[in-house]
**Q** 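Let me begin by handing over the structure; questions about it come next.
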Amino acid sequence: MLILGFLALSFHFVLKGKHEDEIHKVIEADGGAVLDIEKVNGDSSPFEKLSGANRYYKVVFKQEGKRKTAWYRGSVIVNNIHKTPKDGYPEKWLFNDQEKD
């Protein structure tokens, strides 16, 4: 039982790290600087299509001197966070000026 708990905890931290790396990569590639990353429940996000096979993040960043918010829906597939999970939805970004999915 202890081993299963350790594996679940390891999975959580590895996945969170991969998602945070991806968030930084995308925001910084567009000239932004990440200020805060908050993992949220899907119900607290603007995504309409929700699944337990996805993780949801609120991202606060600064771009062109303005503080902005983006939302990221990531996959729970640890070895390929860009792959659409079975029973889940594809990876997706929503920025302030974009519509919901």
Side-chain angles (χ1 to χ4, degrees):
M1 194 60 110
L2 184 60
I3 293 173
L4 289 177
F6 175 75
L7 289 174
L9 193 59
S10 296
F11 170 81
H12 167 78
F13 285 112
V14 168
L15 186 62
K16 183 177 182 219
K18 287 185 174 214
H19 284 155
E20 288 180 356
D21 289 347
E22 178 68 10
I23 289 166
H24 278 277
K25 184 178 91 174
V26 169
I27 297 296
E28 292 166 8
D30 201 30
V34 175
L35 302 175
D36 187 50
I37 300 170
E38 178 185 358
K39 183 178 176 293
V40 298
N41 291 326
D43 294 338
S44 300
S45 78
F47 293 102
E48 293 176 356
K49 297 176 180 176
L50 305 176
S51 170
N54 292 104
R55 295 294 177 266
Y56 304 88
Y57 297 88
K58 178 181 180 182
V59 181
V60 178
F61 64 102
K62 195 168 195 172
Q63 186 179 43
E64 299 172 356
K66 296 179 183 175
R67 191 177 174 100
K68 299 182 178 186
T69 301
W71 299 86
Y72 175 63
R73 178 177 64 203
S75 166
V76 296
I77 301 173
V78 175
N79 63 343
N80 185 354
I81 62 166
H82 304 291
K83 185 175 179 181
T84 301
K86 183 181 178 193
D87 301 324
Y89 296 99
E91 173 184 49
K92 185 168 183 171
W93 281 90
L94 292 176
F95 292 88
N96 290 348
D97 56 349
Q98 290 182 321
E99 294 185 22
K100 299 178 183 181
D101 66 337

**Q** So, for D87 and A53, which heavy atoms are closest and what is the spacing to 0.1 Å?
**A**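 Heavy atoms only, the tightest pair is O-CB, 3.9 Å.
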**Q** Minimum heavy-atom separation for V78 to K18, with atom names?
**A**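 Looks like O-NZ, 2.8 Å.
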**Q** Do V59 and F95 pass the side chain to side chain contact (heavy atoms under 4.5 Å, CB included) test, and can you show the C-alpha distance, the side-chain angles, and the key distance before you say yes or no?
**A** CA-CA 9 Å; V59 181; F95 292 88; over 6 Å; no
**Q** Return the minimal non-hydrogen interatomic distance between L50 and D43, and the atom names on each side.
**A**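 The answer is CD1-OD1, 3.2 Å.
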**Q** Hey, any chance I37 and V60 share a hydrophobic cluster, counting ILVMFWY side chains that come within less than 4.5 Å of each other, even indirectly?
**A**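 No, separate clusters.
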**Q** Please work out whether the ring planes of Y56 and F47 are parallel, tilted or perpendicular, with thresholds of 30° and 60°.
**A**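 Y56 and F47: tilted rings.
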**Q** Do V76 and V14 share a hydrophobic cluster, counting only Ile, Leu, Val, Met, Phe, Trp and Tyr and linking them when any side-chain heavy atoms are less than 4.5 Å apart?
**A**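 Shared cluster, yes.
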**Q** Identify the two heavy atoms, one from S75 and one from N80, that lie closest to each other, and give their separation to 0.1 Å.
**A**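 Reported closest heavy-atom pair: OG-O, 4.3 Å.
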**Q** Which distance, rounded to the nearest 0.5 Å, do you find between the CG of N54 and the CD1 of I81?
**A**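 The CG atom of N54 sits 12.0 Å away from the CD1 atom of I81.
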**Q** Which heavy atom of S44 sits nearest a heavy atom of V40, and at what distance?
**A**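 It is CB-CB, 4.2 Å.
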**Q** In sequence, state the C-alpha distance, the side-chain angles, and the governing distance for V26 and F61, and then conclude on side chain to side chain contact (heavy atoms under 4.5 Å, CB included).
**A** CA-CA 11 Å; V26 169; F61 64 102; over 6 Å; no
**Q** For K16, is there an ion pair with E20 - N to carboxylate O distance below 4.0 angstrom?
**A**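 Judged by the 4.0 Å cut-off on N to carboxylate O distance, E20 and K16 do form a salt bridge.
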**Q** Pick out which of E38, K39, E22, H19 makes a side-chain hydrogen bond (donor to acceptor under 3.5 Å, both in side chains) with Y57.
**A**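 Of the listed options, the one satisfying the test is H19.
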**Q** Do any side-chain atoms of residues 64-72 form donor-acceptor pairs under 3.5 angstrom with protein atoms, and if so which ones, sequence neighbours left out?
**A**
from : atom 1 : to  : atom 2 : distance (Å)
K68  : NZ     : Q63 : OE1    : 3.1
Y72  : OH     : E91 : OE2    : 2.5

**Q** Check the pair K49 / R73 against side chain to side chain contact (heavy atoms under 4.5 Å, CB included), numbers first and verdict last.
**A** CA-CA 10 Å; K49 297 176 180 176; R73 178 177 64 203; 4.0 Å; yes
